[in-house]
Amino acid sequence: HPQYARRKSCWVLTVPSAFTKPTGEAHWELLLRARAVECQAYVIAAAQAGRHNEKRESYGHAIIVDPWGSVVARLDDPDATGIAVAEIDLDRLAAVRAKMPIQAHRAKGQAAFLKA
């Protein structure tokens with residue numbers, strides 16, 4: 001859960017999925033990149049791909065996103081079974097968190113809200 005990840009200052013979030021083709025095309029990468037930015041963490045997203053039966057097809061597109069929201073790895077064939085690999089750069093993570101200190105902003109906002 002994003003709130004738990006932010007509270008614990010997680011470095012990496014893993015997201016397994018089986019998005020359908022229509023919802024995956026519309027939302028998959030967008031949601032993963034947004035989650036990486038809002039949690040300031042790497043997101044490693046495994047994804048089922050291909051046709052399961054006549055009625056069900058999963059979107060696939062396994063990717064890894066850095067804390068700035070940039071895709072740093074993806075499978076060459078989004079419908080293939082495989083492994084995407086990327087370096088988890090903790091210096092990059094620290095730089096993003098220093099440049100955009102959202103944890104401190106959230107704490108300030110929460111304190112102000114609780115005073116009211």
Side-chain angles (χ1 to χ4, degrees):
H1 192 275
Q3 289 178 5
Y4 180 81
R6 287 190 301 262
R7 220 179 1 230
K8 298 296 182 185
S9 294
C10 293
W11 296 347
V12 176
L13 306 175
T14 56
V15 181
S17 86
F19 267 63
T20 63
K21 198 89 163 163
T23 57
E25 288 171 352
H27 304 292
W28 174 243
E29 187 172 320
L30 171 71
L31 291 171
L32 294 169
R33 293 178 70 191
R35 184 71 68 230
V37 171
E38 78 171 332
C39 294
Q40 292 184 315
Y42 282 86
V43 172
I44 300 173
Q48 290 185 19
R51 184 163 294 285
H52 305 288
N53 58 44
E54 331 52 73
K55 295 181 180 182
R56 174 119 174 104
E57 183 177 7
S58 291
Y59 180 62
H61 291 74
I63 64 174
I64 302 172
V65 183
D66 77 6
W68 193 250
S70 301
V71 175
V72 293
R74 67 172 79 231
L75 295 179
D76 290 334
D77 179 352
D79 295 323
T81 299
I83 298 173
V85 178
E87 181 178 337
I88 303 301
D89 183 347
L90 298 181
D91 290 334
R92 169 100 170 126
L93 178 67
V96 168
R97 289 180 176 181
K99 187 186 309 184
M100 191 170 57
I102 59 177
Q103 289 295 79
H105 296 167
R106 279 193 186 99
K108 260 186 179 174
Q110 186 176 24
F113 176 76
L114 293 174
K115 275 186 187 176

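As the structure is a prediction and not an experimental result, all values here were calculated from the model.
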Between the CD atom in Gln48 and the OH atom in Tyr59, the distance rounded to the nearest 0.5 Å is 15.5 Å

For Gly60 and Ala47, the nearest pair of non-hydrogen atoms, with its separation, is O-CB, 3.2 Å

One should read off an interatomic distance between Lys55 NZ and Thr20 OG1, to the nearest 0.5 angstrom, of 15.0 Å

OG (Ser17) and CG (Leu32) are apart, to the nearest 0.5 Å, by 7.5 Å

Open item on the list: Between Trp28 (side chain only) and His61 (backbone N and O only), is there a donor and an acceptor less than 3.5 Å apart?
Closed with: yes

Applying side-chain hydrogen bond (donor to acceptor under 3.5 Å, both in side chains) to Arg92 and not counting sequence neighbours gives Asp66

Q) Are Ile64 and Trp11 in one and the same hydrophobic cluster, where Ile, Leu, Val, Met, Phe, Trp and Tyr link if side-chain heavy atoms are under 4.5 Å apart? A) yes

Quick one: do Tyr42 and Val15 end up in the same hydrophobic cluster if we chain Ile, Leu, Val, Met, Phe, Trp and Tyr together by side-chain heavy atoms under 4.5 Å apart?
no

In this structure, CZ of Arg51 is separated from OG of Ser58 (nearest 0.5 Å) by 10.0 Å

More than 12 heavy atoms of other residues, nucleotides or ligands under 6.0 Å from CD1 of Ile83: yes or no? no

Is Val96 reachable from Val37 through a run of I, L, V, M, F, W or Y residues, each pair having side-chain heavy atoms under 4.5 Å apart? yes

Correct closest heavy-atom pair for Ala49 and Asp79 would be CB-O, 3.6 Å

If you group Ile, Leu, Val, Met, Phe, Trp and Tyr by side-chain heavy-atom gaps below 4.5 Å, do Val71 and Ile44 land in one group? no

Is there a path from Val12 to Leu90 through hydrophobic residues (I, L, V, M, F, W, Y) whose side chains come within less than 4.5 Å of each other?
yes

Do Pro67 and Arg97 come close enough that some side-chain heavy atom pair is under 4.5 Å?
no

query: Under the 3.5 angstrom rule, does the side chain of Arg33 hit a backbone N or O of Gly69 as a donor-acceptor pair?
result: yes

Distance col, row Ile88:CD1 vs Leu93:CG, nearest 0.5 angstrom, shows 9.0 Å

Residues Leu13 and Cys10: closest non-hydrogen pair is CD2-CB, 4.0 Å

